[in-house]
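Presented below is the structure to which this report refers.
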Amino acid sequence: MRILLVEDDRMIGDAILIALKDAAYAVDWVMDGETAKNVLKDKDHQGLLLDLGLPKQDGLEVLRYLRSQGNDLPVIIITARDAVEDRIKGLDLGADDYLVKPFDMNELLARLRAVVRRKGGQSSPLLTNGKISLNPSTREASRGEDSYLLSSREFSLLHALMLQPGSILTRTELEERIYGWNEEVESNAVDFLIHGIRKKLGADAIKNIRGAGWMVDKS
Ligand code: CA
């Protein structure tokens with residue numbers, strides 16, 4: 001899952017970046033509202049962490065723009081304690097949740113999982129298609145009685161597929177979910193990761209649709 005982080009404070013941004021990467025997210029980071037708006041046009045991200053006090057255009061302006069485009073990307077506002085009115089405005093403009101700085105990174109990760117889950121129409125924290133299950137909070141995949149801990153990138157790839165069982169994702173779409181801007185994508189990375197996941201969960205856990213991409217079965 002790829003997240004866009006919009007934060008102009010380097011220290012806070014660095015801390016969030018590290019926490020998200022440790023939790024197997026791909027992260028792109030921009031530091032002003034105008035750049036954020038431009039990046040959001042490409043719809044490459046599955047979640048947005050949005051500071052409100054930003055150079056050029058503020059976070060509320062970014063949010064207003066996003067929702068005016070009909071984009072329902074999960075959004076969490078991250079903002080200072082004294083900005084109560086802005087947080088209220090943010091929620092009214094379509095933010096899904098907010099966190100007050102300074103916050104605990106584990107809480108940020110839990111809230112991110114929750115908003116992504118709700119947007120996907122799921123209330124259970126476990127993603128399942130009847131055959132395999134994936135727990136985003138532990139990064140464990142299971143099949144029958146057996147559970148397996150996935151590597152961060154194996155998790156990212158399987159998570160992308162499990163969010164949309166029955167939908168085919170192309171190689172490019174999978175790469176975009178797993179890697180941020182600054183990360184080099186090796187040409188056979190997707191095949192390598194799928195091989196690793198199949199070794200753990202069985203060859204039929206992920207289906208290859210020849211010439212199109214990959215999918216997990218819909219239950
Ligand atoms: Ca700021």
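In listed order, ligands and their atoms are each counted from 1.
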* Asked: Linking Ile, Leu, Val, Met, Phe, Trp and Tyr through side-chain heavy atoms less than 4.5 Å apart, which residues share a cluster with Leu91?
  -> Leu4, Val6, Val30, Val39, Leu40, Leu48, Leu50, Leu52, Leu54, Leu60, Val62, Leu63, Leu66, Leu73, Val75, Ile77, Leu93, Tyr98, Val100, Trp181

* **From CG (Asp51) to CD1 (Ile78), nearest 0.5 Å** => 5.5 Å

* Judged by modelled atom types alone, do Ser147 and Ser142 share a side-chain donor-acceptor pair under 3.5 Å? -> no

* Salt-bridge contact Glu107-Arg111 (side-chain N to carboxylate O under 4.0 Å) -> yes

* Determine, for Lys37 against Glu34, whether the closest basic-nitrogen to carboxylate-oxygen distance falls under 4.0 angstrom. => no

* To do: Indicate whether the side chain of Asp32 and that of Thr35 have a donor and an acceptor atom separated by less than 3.5 Å.
  => yes

* Structure fact -> Ignoring waters, protein N/O/S atoms under 3.0 Å from the Ca ion (ligand 1) are Asp8 OD1, Asp51 OD2, Gly53 O

